[in-house]
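Worksheet: the structure to be examined is printed underneath.
Note that ligands are numbered from 1 as they come in the structure, with each ligand's atoms numbered from 1 the same way. One-based numbering along the sequence shown.
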Amino acid sequence: MKKTEISKKLSSLKKELNDAQLVAVSKYSTVEDVVLAYECHHYDFGENRVQDLKEKTDFFFANNFKKVRWHFIGHLQTNKVRDLLKCQNLWAVHSIDSLRLLEEFLKRETDFLGNELKLFFQVNTSHETEKSGFESSEELLLAIKLLLSNPQSKYKLYGLMTMGTVRTDAFEEEARRCFKDLNRIARGLEEQLGLKFKLKLSMGMSQDYQIALAEGTDFVRIGSAIFK
Ligand SMILES: *Cc1c(COP(=O)(O)O)cnc(C)c1O
């Protein structure tokens, strides 16, 4: 891609965002295109496979691109957690989708290279079977309580993530329902747990980010609308 093209897409997207943060999902992109976006002063990038993330983080690290903040957004096998934690400049994981996965993160904490890692818990609001995420509010509550019971941990409870329904004719209506659900779950958890901070919301992709913005998201994760 041309730098001017990436620059144009980023700046027109950013005008729509208000206070929300853009995670540019680079999973379809070459590291060269990600570097072009970085040179346009965009620093937040998302990947959904550990191997792809590792290649890009290694390249960024070797080239001393220090401002980058990497976001992991994909489903994780527990045996990949260690490799993920060893990626340089990993800033957040949006896809903690089971208690078992969180337990693995806690067990592997010494592998993490940074000082703080922000965790989003993924909720399966669309209830599509191919999507991961917590289905039961009891398990979600248990997982969050487990994290909160480790206050000295480098992992910080940061927010909730979800994906809108894709396989549907009425995707807009369905996405809106999913995003409203996530918002409601977040506000409920804050109250139930007596949190002194608000849980951030990570929702909205290329096809439905405008709906997510209207529903008050804090992060959108956009790939194809930038890099394709
Ligand atoms: C790929 C992906 C995105 C971005 O999808 P686009 O449709 O390309 O914007 C966002 N979130 C997750 C979890 C993804 O896997």
Side-chain angles (χ1 to χ4, degrees), residues 1 5-6 8-17 20-31 33-34 36-37 42-57 69-77 80-81 84 87 90-98 101 105 117-135 140 158-168 171-172 174-176 178-179 181-183 185-186 200-215 217-228:
M1 284 182 80
E5 196 185 338
I6 292 178
K8 254 194 226 158
K9 286 183 174 169
L10 285 170
S11 54
S12 74
L13 266 174
K14 282 181 183 179
K15 282 188 198 130
E16 295 182 73
L17 294 182
Q21 306 262 325
L22 171 64
V23 177
V25 176
S26 51
K27 66 187 187 198
Y28 316 108
S29 317
T30 60
V31 72
D33 283 352
V34 188
L36 293 178
H42 185 79
Y43 304 126
D44 287 273
F45 298 101
E47 286 285 330
N48 70 338
R49 286 169 196 272
V50 174
Q51 189 53 41
D52 296 346
L53 176 69
K54 189 176 172 355
E55 282 166 22
K56 287 178 176 126
T57 57
R69 306 197 303 184
W70 291 102
H71 299 247
F72 190 78
I73 61 174
H75 174 63
L76 259 177
Q77 310 285 325
K80 297 278 171 60
V81 170
L84 174 66
C87 289
L90 180 64
W91 193 78
V93 175
H94 292 238
S95 44
I96 302 295
D97 56 16
S98 69
L101 182 62
F105 269 79
L117 183 61
K118 295 166 173 49
L119 300 187
F120 290 81
F121 288 77
Q122 182 175 353
V123 181
N124 188 358
T125 53
S126 73
H127 309 292
E128 289 169 300
T129 49
E130 74 271 24
K131 292 237 180 86
S132 31
F134 285 86
E135 292 277 357
L140 175 61
Y158 203 60
L160 302 183
M161 181 272 239
T162 202
M163 291 166 87
T165 313
V166 269
R167 280 183 324 181
T168 167
F171 88 88
E172 289 176 308
E174 265 298 295
R176 193 178 299 280
C178 294
F179 299 159
D181 259 12
L182 195 71
N183 212 323
I185 294 167
K200 307 275 188 200
L201 303 177
S202 167
M203 52 194 202
M205 321 194 341
S206 295
Q207 88 164 1
D208 54 18
Y209 73 89
Q210 284 155 327
I211 302 168
L213 289 168
E215 296 302 328
T217 195
D218 300 289
F219 288 80
V220 290
R221 309 175 310 271
I222 300 181
S224 34
I226 300 168
F227 290 113
K228 263 187 181 165

For [X], take its heavy atoms, then give the atoms of ligand 1 lying under 4.0 Å from any of them.
| X | answer |
| --- | --- |
| G223 | 4 (C), 6 (P), 8 (O), 9 (O) |
| I222 | 9 (O) |
| Y28 | 1 (C), 8 (O) |

Can you tell me the protein heavy atom closest to [atom] and the distance?
| atom | result |
| --- | --- |
| atom 9 (O) of ligand 1 | S206 OG, 2.5 Å |
| atom 12 (C) of ligand 1 | I73 CD1, 3.5 Å |
| atom 1 (C) of ligand 1 | K27 NZ, 1.3 Å |
| atom 10 (C) of ligand 1 | M205 SD, 3.4 Å |
| atom 7 (O) of ligand 1 | S224 OG, 3.5 Å |
| atom 11 (N) of ligand 1 | R221 NE, 2.9 Å |

Under 6.0 Å from the [atom1] atom of [X], do we count more than 12 heavy atoms belonging to anything else shown?
| X | atom1 | result |
| --- | --- | --- |
| K8 | NZ | no |
| K80 | NZ | no |
| R69 | CZ | yes |

Checklist entry - Taking the six-membered ring of F45 as reference, does the NZ or CZ atom of K56 fall below 6.0 Å from its centre and within a 45° cone about the axis? => result no
Result for side chain to side chain contact (heavy atoms under 4.5 Å, CB included) between H94 and one of K118, R221, K200 points to R221
